[in-house]
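Residue numbers begin at 1 in each chain, while the letters A, B, ... track the order of the sequences.
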Amino acid sequence: GENVEQHPSTLSVQEGDSAVIKCTYSDSASNYFPWYKQELGKRPQLIIDIRSNVGEKKDQRIAVTLNKTAKHFSLHITETQPEDSAVYFCAASLDTGNQFYFGTGTSLTVIP
Amino acid sequence: DTAVSQTPKYLVTQMGNDKSIKCEQNLGHDTMYWYKQDSKKFLKIMFSYNNKELIINETVPNRFSPKSPDKAHLNLHINSLELGDSAVYFCATSFGGTGELFFGEGSRLTVL
(Lines give C-alpha, C1' and ligand atoms only; values in the text may rest on other atoms or scores of the structure.)
Protein backbone atom coordinates (compact mmCIF):
# COMPACT_ATOMS: atom_id res chain seq x y z
CA GLY A 1 0.00 0.00 0.00
CA GLU A 2 0.88 3.68 -0.08
CA ASN A 3 3.39 5.07 2.44
CA VAL A 4 3.41 8.81 3.06
CA GLU A 5 6.24 10.42 4.99
CA GLN A 6 6.07 13.98 6.28
CA HIS A 7 8.75 16.33 7.58
CA PRO A 8 9.36 18.12 9.84
CA SER A 9 7.22 16.86 12.71
CA THR A 10 7.41 20.25 14.42
CA LEU A 11 8.10 23.68 13.00
CA SER A 12 8.36 27.07 14.67
CA VAL A 13 8.53 30.29 12.68
CA GLN A 14 8.35 33.97 13.45
CA GLU A 15 5.22 35.77 12.37
CA GLY A 16 5.65 37.01 8.82
CA ASP A 17 8.17 34.34 7.86
CA SER A 18 7.47 31.47 5.48
CA ALA A 19 6.87 27.84 6.44
CA VAL A 20 7.51 24.79 4.27
CA ILE A 21 6.33 21.26 4.96
CA LYS A 22 7.45 18.36 2.79
CA CYS A 23 5.93 14.97 2.03
CA THR A 24 7.02 11.98 0.02
CA TYR A 25 4.91 9.08 -1.19
CA SER A 26 5.73 5.61 -2.43
CA ASP A 27 3.00 4.59 -4.87
CA SER A 28 3.46 6.15 -8.30
CA ALA A 29 -0.22 5.48 -9.00
CA SER A 30 -1.26 8.13 -6.44
CA ASN A 31 -2.61 11.16 -8.23
CA TYR A 32 -4.43 13.30 -5.67
CA PHE A 33 -2.59 15.12 -2.90
CA PRO A 34 -4.60 17.14 -0.36
CA TRP A 35 -3.40 19.10 2.65
CA TYR A 36 -5.45 19.31 5.83
CA LYS A 37 -5.19 21.72 8.74
CA GLN A 38 -6.23 20.65 12.20
CA GLU A 39 -6.51 23.28 14.91
CA LEU A 40 -6.31 22.19 18.52
CA GLY A 41 -9.37 20.19 19.48
CA LYS A 42 -10.95 20.59 16.06
CA ARG A 43 -11.53 18.43 13.01
CA PRO A 44 -9.09 18.30 10.08
CA GLN A 45 -10.16 20.58 7.25
CA LEU A 46 -8.96 20.75 3.67
CA ILE A 47 -6.90 23.84 2.90
CA ILE A 48 -5.54 23.06 -0.56
CA ASP A 49 -5.14 20.10 -2.88
CA ILE A 50 -3.38 19.25 -6.11
CA ARG A 51 -3.80 16.58 -8.74
CA SER A 52 -1.03 14.90 -10.65
CA ASN A 53 -1.58 16.78 -13.88
CA VAL A 54 -0.56 20.04 -12.19
CA GLY A 55 2.85 21.01 -10.83
CA GLU A 56 1.85 23.92 -8.63
CA LYS A 57 -1.28 25.46 -7.17
CA LYS A 58 -1.67 28.63 -5.18
CA ASP A 59 -4.43 30.05 -3.01
CA GLN A 60 -3.57 33.41 -1.44
CA ARG A 61 -0.78 32.74 1.11
CA ILE A 62 -0.82 28.98 0.59
CA ALA A 63 0.80 27.06 -2.26
CA VAL A 64 1.45 23.42 -2.99
CA THR A 65 4.07 22.03 -5.38
CA LEU A 66 4.22 18.51 -6.76
CA ASN A 67 7.12 16.63 -8.29
CA LYS A 68 5.74 13.34 -9.60
CA THR A 69 9.10 12.11 -10.81
CA ALA A 70 10.61 12.43 -7.37
CA LYS A 71 7.30 11.52 -5.68
CA HIS A 72 7.26 14.44 -3.33
CA PHE A 73 5.02 17.41 -2.69
CA SER A 74 5.30 20.42 -0.44
CA LEU A 75 3.12 22.97 1.31
CA HIS A 76 4.29 26.57 1.39
CA ILE A 77 2.76 29.16 3.68
CA THR A 78 3.96 32.74 3.22
CA GLU A 79 3.55 35.70 5.57
CA THR A 80 2.60 33.39 8.41
CA GLN A 81 0.17 34.59 11.06
CA PRO A 82 -0.53 33.28 14.57
CA GLU A 83 -3.80 31.75 13.35
CA ASP A 84 -1.76 29.51 11.04
CA SER A 85 -0.62 27.63 14.15
CA ALA A 86 -2.04 24.11 13.85
CA VAL A 87 -1.16 20.56 12.84
CA TYR A 88 -0.91 20.10 9.09
CA PHE A 89 -1.37 16.74 7.37
CA CYS A 90 -0.50 15.79 3.84
CA ALA A 91 -2.22 12.87 2.17
CA ALA A 92 -2.03 10.83 -1.00
CA SER A 93 -4.86 9.08 -2.74
CA LEU A 94 -5.21 6.72 -5.68
CA ASP A 95 -7.50 7.56 -8.57
CA THR A 96 -9.60 4.52 -7.76
CA GLY A 97 -10.50 6.37 -4.64
CA ASN A 98 -11.61 5.29 -1.21
CA GLN A 99 -8.04 5.22 0.05
CA PHE A 100 -6.55 8.32 1.65
CA TYR A 101 -3.16 7.79 3.26
CA PHE A 102 -2.10 10.53 5.65
CA GLY A 103 1.35 11.71 6.63
CA THR A 104 2.29 11.83 10.30
CA GLY A 105 1.52 15.52 10.69
CA THR A 106 3.52 18.71 11.27
CA SER A 107 2.83 20.86 14.30
CA LEU A 108 3.35 24.45 13.16
CA THR A 109 3.75 27.24 15.70
CA VAL A 110 3.82 30.84 14.54
CA ILE A 111 5.45 33.06 17.15
CA PRO A 112 4.00 36.57 17.34
CA ASP B 1 -27.02 22.07 9.82
CA THR B 2 -23.85 20.12 10.64
CA ALA B 3 -22.68 18.25 7.53
CA VAL B 4 -21.08 15.32 9.36
CA SER B 5 -22.13 14.76 12.95
CA GLN B 6 -20.90 12.23 15.47
CA THR B 7 -22.28 11.13 18.81
CA PRO B 8 -21.16 11.00 21.49
CA LYS B 9 -18.39 13.60 21.46
CA TYR B 10 -16.89 12.20 24.66
CA LEU B 11 -17.03 8.66 25.95
CA VAL B 12 -15.36 7.34 29.11
CA THR B 13 -15.70 3.65 29.82
CA GLN B 14 -14.07 0.68 31.51
CA MET B 15 -11.94 -1.99 29.90
CA GLY B 16 -13.95 -4.90 28.60
CA ASN B 17 -17.07 -2.89 27.87
CA ASP B 18 -18.79 -2.63 24.49
CA LYS B 19 -19.54 0.78 23.03
CA SER B 20 -20.80 2.42 19.85
CA ILE B 21 -20.14 5.71 18.11
CA LYS B 22 -22.66 7.00 15.61
CA CYS B 23 -22.06 9.07 12.49
CA GLU B 24 -24.59 10.80 10.28
CA GLN B 25 -24.05 12.91 7.15
CA ASN B 26 -26.40 15.12 5.19
CA LEU B 27 -24.09 15.84 2.27
CA GLY B 28 -25.40 13.06 0.06
CA HIS B 29 -21.89 11.61 -0.21
CA ASP B 30 -21.61 7.97 -1.17
CA THR B 31 -18.45 7.09 0.73
CA MET B 32 -18.02 7.21 4.50
CA TYR B 33 -14.92 6.48 6.59
CA TRP B 34 -13.75 5.94 10.12
CA TYR B 35 -10.34 7.25 11.13
CA LYS B 36 -8.51 6.79 14.41
CA GLN B 37 -6.29 9.58 15.74
CA ASP B 38 -4.01 8.51 18.55
CA SER B 39 -2.19 10.61 21.13
CA LYS B 40 0.60 11.31 18.64
CA LYS B 41 -1.97 12.79 16.25
CA PHE B 42 -1.48 10.06 13.64
CA LEU B 43 -4.56 9.69 11.43
CA LYS B 44 -5.13 6.06 10.48
CA ILE B 45 -7.93 4.85 8.29
CA MET B 46 -9.97 2.06 9.80
CA PHE B 47 -12.83 1.50 7.40
CA SER B 48 -14.54 2.96 4.41
CA TYR B 49 -18.03 2.23 3.11
CA ASN B 50 -19.23 2.88 -0.42
CA ASN B 51 -22.90 2.30 -1.15
CA LYS B 52 -23.19 0.22 2.00
CA GLU B 53 -20.32 -2.08 1.10
CA LEU B 54 -17.15 -2.31 3.11
CA ILE B 55 -14.25 -1.72 0.79
CA ILE B 56 -11.33 -1.13 3.13
CA ASN B 57 -10.39 -2.73 6.40
CA GLU B 58 -6.87 -1.67 7.31
CA THR B 59 -5.86 -4.54 9.60
CA VAL B 60 -8.21 -3.38 12.29
CA PRO B 61 -8.96 -5.91 15.04
CA ASN B 62 -12.27 -7.68 14.59
CA ARG B 63 -13.41 -6.16 17.88
CA PHE B 64 -14.20 -3.15 15.72
CA SER B 65 -17.16 -3.48 13.40
CA PRO B 66 -18.67 -0.78 11.20
CA LYS B 67 -22.38 -0.91 10.52
CA SER B 68 -24.16 1.16 7.89
CA PRO B 69 -27.96 1.03 8.13
CA ASP B 70 -28.26 3.43 5.18
CA LYS B 71 -26.15 5.73 3.01
CA ALA B 72 -26.34 8.57 5.52
CA HIS B 73 -25.08 6.62 8.53
CA LEU B 74 -21.94 4.70 9.44
CA ASN B 75 -21.73 3.54 13.02
CA LEU B 76 -18.71 2.06 14.76
CA HIS B 77 -19.14 -0.74 17.30
CA ILE B 78 -16.29 -1.71 19.56
CA ASN B 79 -16.36 -4.87 21.67
CA SER B 80 -14.20 -5.74 24.65
CA LEU B 81 -12.56 -2.33 24.87
CA GLU B 82 -8.84 -2.18 25.63
CA LEU B 83 -6.66 0.62 26.98
CA GLY B 84 -5.05 1.03 23.57
CA ASP B 85 -8.40 1.88 22.03
CA SER B 86 -8.28 5.27 23.73
CA ALA B 87 -8.15 7.82 20.91
CA VAL B 88 -10.21 10.31 18.97
CA TYR B 89 -12.32 8.63 16.31
CA PHE B 90 -13.28 10.69 13.28
CA CYS B 91 -16.01 9.92 10.84
CA ALA B 92 -15.50 11.38 7.35
CA THR B 93 -17.26 11.41 4.02
CA SER B 94 -16.38 12.01 0.39
CA PHE B 95 -18.14 11.94 -2.95
CA GLY B 96 -17.13 9.15 -5.28
CA GLY B 97 -14.30 8.14 -2.96
CA THR B 98 -12.11 10.91 -4.31
CA GLY B 99 -11.72 14.57 -3.59
CA GLU B 100 -12.21 16.39 -0.33
CA LEU B 101 -12.79 14.50 2.88
CA PHE B 102 -15.33 16.09 5.20
CA PHE B 103 -14.67 15.18 8.81
CA GLY B 104 -17.00 15.07 11.75
CA GLU B 105 -16.03 16.77 15.00
CA GLY B 106 -14.55 13.61 16.43
CA SER B 107 -15.45 11.35 19.35
CA ARG B 108 -12.91 11.16 22.15
CA LEU B 109 -12.90 7.67 23.65
CA THR B 110 -11.15 7.09 26.96
CA VAL B 111 -10.80 3.55 28.24
CA LEU B 112 -9.95 3.21 31.95
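The environment of CD in E15(A) is crowded: more than 12 heavy-atom neighbours from other residues, nucleotides or ligands sit within 6.0 Å. More than 12 heavy atoms of other residues, nucleotides or ligands lie within 6.0 Å of NZ in K68(A), so this atom counts as buried by the packing criterion. Residue-environment remark: CD (E83(A)) exceeds the threshold of 12 foreign heavy atoms within 6.0 Å. Residue L40(A) places its CG atom among 12 or fewer non-hydrogen atoms of other residues, nucleotides or ligands, all under 6.0 Å distant.
Using a 4.5 Å cut-off between side-chain heavy atoms of Ile, Leu, Val, Met, Phe, Trp and Tyr, with links allowed through other members, F102(B) and I45(B) fall into different hydrophobic clusters. Both M32(B) and L54(B) belong to a single network of hydrophobic side chains, linked directly or stepwise wherever heavy atoms of I, L, V, M, F, W or Y lie under 4.5 Å apart. I47(A) and L66(A) fall within a single hydrophobic cluster, where Ile, Leu, Val, Met, Phe, Trp and Tyr are joined by side-chain heavy atoms under 4.5 Å apart, directly or via other members.
In this structure, chain A has a heavy atom under 4.5 Å from the side chain of Y35(B), while its backbone stays farther away. With a 4.5 angstrom heavy-atom cutoff, Q45(A) does not touch chain B via any of its atoms. For V88(B), no part lies under 4.5 angstrom from a heavy atom of chain A.
When every heavy atom of V4(B) is checked against every heavy atom of R43(A), the shortest pair comes out as O-NH1, 4.0 Å. Y36(A) and L101(B) get closest at one heavy-atom pair: OH-N, 2.7 Å.
Two residues are said to be in side-chain contact when any heavy atoms from C-beta on lie closer than 4.5 Å; K42(A) and F103(B) fail this criterion. For the pair L43(B) and P44(A), the minimum side-chain heavy-atom distance is below 4.5 Å.
Separation of atoms OG (S9(A)) and NZ (K41(B)) is listed at 14.0 Å; rounding is to 0.5 Å.
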**Study point:** CA sep, side-chain torsions, deciding dist, call: Q37(B), F102(A), side-chain contact (heavy atoms from CB on, under 4.5 Å)
**Key:** CA-CA 11 Å; Q37(B) 187 170 45; F102(A) 281 87; over 6 Å; no
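With Y33(B) contributing its side chain and F100(A) its backbone, the two residues share no donor-acceptor pair below 3.5 Å.
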